[in-house]
Undergrad: 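If you scroll down you'll find the structure; I have some questions about it.
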Amino acid sequence: FLFTMFGAYRLTQFSDQLLTPEFLVTPDSTNYSPETALAHMEKHAEKVTDGFFNAGFTQYRWWVLTNLSPTEKSWLEIANPHINDIRIYEEENGKWKQTYVSGDYYPYKQRVFDDPDFWYPIQPKQQRILMRVDKKGESLNIPLRMIRESALAPYLANRNFFHGIFLGWIILLLMLNAFLWISLKDHIHLFYILYVACSVCWIIAQWGIGFRFFWPEWTDFTGKARPFFSNISYIFLLELTARFFTIPNTQPRYTKAIRWIQALLIISSVGLLITDYQNSSTLLRYIFLTSMNFIWIGAAILIILFIAKSYQKQKTLSLFFLAAIGFFGLYVILLLLSQYNLGGPWMFFTNVYGAPVGFLGESTILSFGLSQRYNVYKKEKEMVTQA
């Protein structure tokens, strides 16, 4: 686990091969043309020096201007696969010409480079790049990186290596619990498998891998995928909580509250699927995503209360579950913070690798906790036999 976390951290660090260009940003509050946006940025733009800008929830498009002068052919990476619409302009004879259009509103094949992130080729010369980035009604962050073409393959290989470690470890946990479910006939392992599977679907949607491999033409689902899979994984996590402790029917009040939150999550998931999310208003998206944040936080608080209620009678199981939820809660808090106007390299790490690293720790501890339940069962059976 520590090896994986360190490897993920190293991937976000910068070297002479991976640079973070300075750039200017300004909100597009009145539908600027490229020329108007440039004139406005010369007076009112915000300067970003560390290569990462976080607008938080935004109701505007944003314009980005950067000056680049690579010494050899390079690639500009916009390391956020969830931008709805991105347009890039270059100067040509004193005018700005649109040279790139992409985003998750368009089929995946429209991307210049076969990768979940957005890549734009940069020639070895001095040039200004102007971008219009659209993610109205949602949380927007703009991480810019520039990498030499000769260093691109090793960089992508290291990132894919981390993805492979993560998915391989998760598959091992799923196989272990599938074996326990088949051999012990305890349905809690089925709910663990469903929870982990849905969480992994959320993570591959977060990485943009889902859009790349599983729904490259289904552009409407791309914006829905992360909140949808998050909802479904919470439903199974709550069910896992209700079944984890071995003393049945001792928390009827908390179990009833779990059913209410599960019902809210199911209703919101169905509503999300049947809504024309891509063409919905900025305000509607903001209200929906904000309300989902409150439901997810409420679910996490309920899980903690459930653990506290069970602690007196089942301390060992409670501590296992609390340790697992500790990892879970940490990455949920960081992820929620990343949706607001906070910047810095740590926020980029949180957006890209915080969820998988936190989930890796949580699912592993939880898997050991499920095994520990059988020791508790054994001791309880021995006490009953002696009685």
Undergrad: Could you give the side-chain donor-acceptor pairs of residues 218-230 under 3.5 Å, partners two or more places apart or in another chain?
TA:
{"from": "Asp220", "atom 1": "OD2", "to": "Lys224", "atom 2": "NZ", "distance (Å)": "2.9"}
{"from": "Thr222", "atom 1": "OG1", "to": "Trp218", "atom 2": "O", "distance (Å)": "3.3"}
{"from": "Lys224", "atom 1": "NZ", "to": "Leu272", "atom 2": "O", "distance (Å)": "3.3"}
{"from": "Lys224", "atom 1": "NZ", "to": "Leu273", "atom 2": "O", "distance (Å)": "3.0"}
{"from": "Lys224", "atom 1": "NZ", "to": "Thr275", "atom 2": "O", "distance (Å)": "2.7"}
{"from": "Arg226", "atom 1": "NH1", "to": "Gln206", "atom 2": "OE1", "distance (Å)": "3.1"}

Undergrad: Taking only residues two or more places apart in sequence, or in another chain, which ones meet Phe213 in a side-chain contact (heavy atoms from CB on, under 4.5 Å)?
TA: Ile209
Undergrad: Can you name the side-chain hydrogen bond (donor to acceptor under 3.5 Å, both in side chains) partners of Ser268, sequence neighbours left out?
TA: Asn231
Undergrad: Can you sort out the partners of Leu322 under side-chain contact (heavy atoms from CB on, under 4.5 Å), two or more places apart, ordered by chain and number?
TA: Ile307
Undergrad: Centre-to-centre under 6.0 Å for Phe53 and Trp62, is that the case here?
TA: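 Ring centroids of Phe53 and Trp62 are less than 6.0 Å from each other.
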Undergrad: Does Leu130 sit in a hydrophobic cluster with other residues, and if so which ones, taking ILVMFWY side chains as linked at heavy-atom separations under 4.5 Å, directly or through other members?
TA: Leu24, Tyr32, Leu38, Met41, Trp63, Leu65, Tyr89, Trp96
Undergrad: Hey, is Arg259 close enough to Glu239 for a salt bridge, meaning N to O under 4.0 Å?
TA: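 Looking at Glu239 together with Arg259, the answer is yes, because their closest N to O distance falls below 4.0 Å.
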Undergrad: Please list, chain by chain and in numerical order, all residues satisfying salt bridge (charged side-chain N to carboxylate O under 4.0 Å, His left out) with Lys185, sequence neighbours excluded.
TA: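 Not a single residue meets the salt bridge (charged side-chain N to carboxylate O under 4.0 Å, His left out) criterion with Lys185.
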Undergrad: What residues, two or more places apart in sequence or in another chain, satisfy side-chain hydrogen bond (donor to acceptor under 3.5 Å, both in side chains) together with Glu91?
TA: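 Partners of Glu91 under the side-chain hydrogen bond (donor to acceptor under 3.5 Å, both in side chains) test: Arg128.
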Undergrad: Report the residues that fulfil side-chain contact (heavy atoms from CB on, under 4.5 Å) with Leu176, sequence neighbours left out, ordered by chain and then residue number.
TA: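 side-chain contact (heavy atoms from CB on, under 4.5 Å) check on Leu176 returns Leu180, Ser367.
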Undergrad: Answer yes or no: is there an ion pair linking Arg145 with Asp117, defined by an N-O contact shorter than 4.0 Å?
TA: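 Salt bridge: no.
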Undergrad: Sequence neighbours left out, what passes ring-ring contact (aromatic ring centres under 6.0 Å, His included) with Phe179? Give chain and number order.
TA: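 None.
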Undergrad: Would a 4.5 Å heavy-atom cut-off, applied to side chains only, mark Pro21 and Leu68 as touching?
TA: yes
Undergrad: Have Trp169 and Thr364 got a donor and an acceptor in their side chains that come within less than 3.5 Å?
TA: yes
Undergrad: Taking side-chain hydrogen bond (donor to acceptor under 3.5 Å, both in side chains) as the test, write out the residues that go with Glu149, two or more places apart.
TA: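 If we apply the side-chain hydrogen bond (donor to acceptor under 3.5 Å, both in side chains) test to Glu149, skipping adjacent residues, the hits are Trp75.
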Undergrad: In terms of the angle between their ring planes, are Phe236 and Phe191 parallel, tilted or perpendicular, with boundaries placed at 30° and 60°?
TA: tilted
Undergrad: Please name all residues satisfying salt bridge (charged side-chain N to carboxylate O under 4.0 Å, His left out) with Glu22, sequence neighbours left out, ordered by chain then number.
TA: Lys47
Undergrad: Residues in side-chain contact (heavy atoms from CB on, under 4.5 Å) with Glu72, at least two apart?
TA: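 Applying side-chain contact (heavy atoms from CB on, under 4.5 Å) to Glu72 gives Arg148, Ser150.
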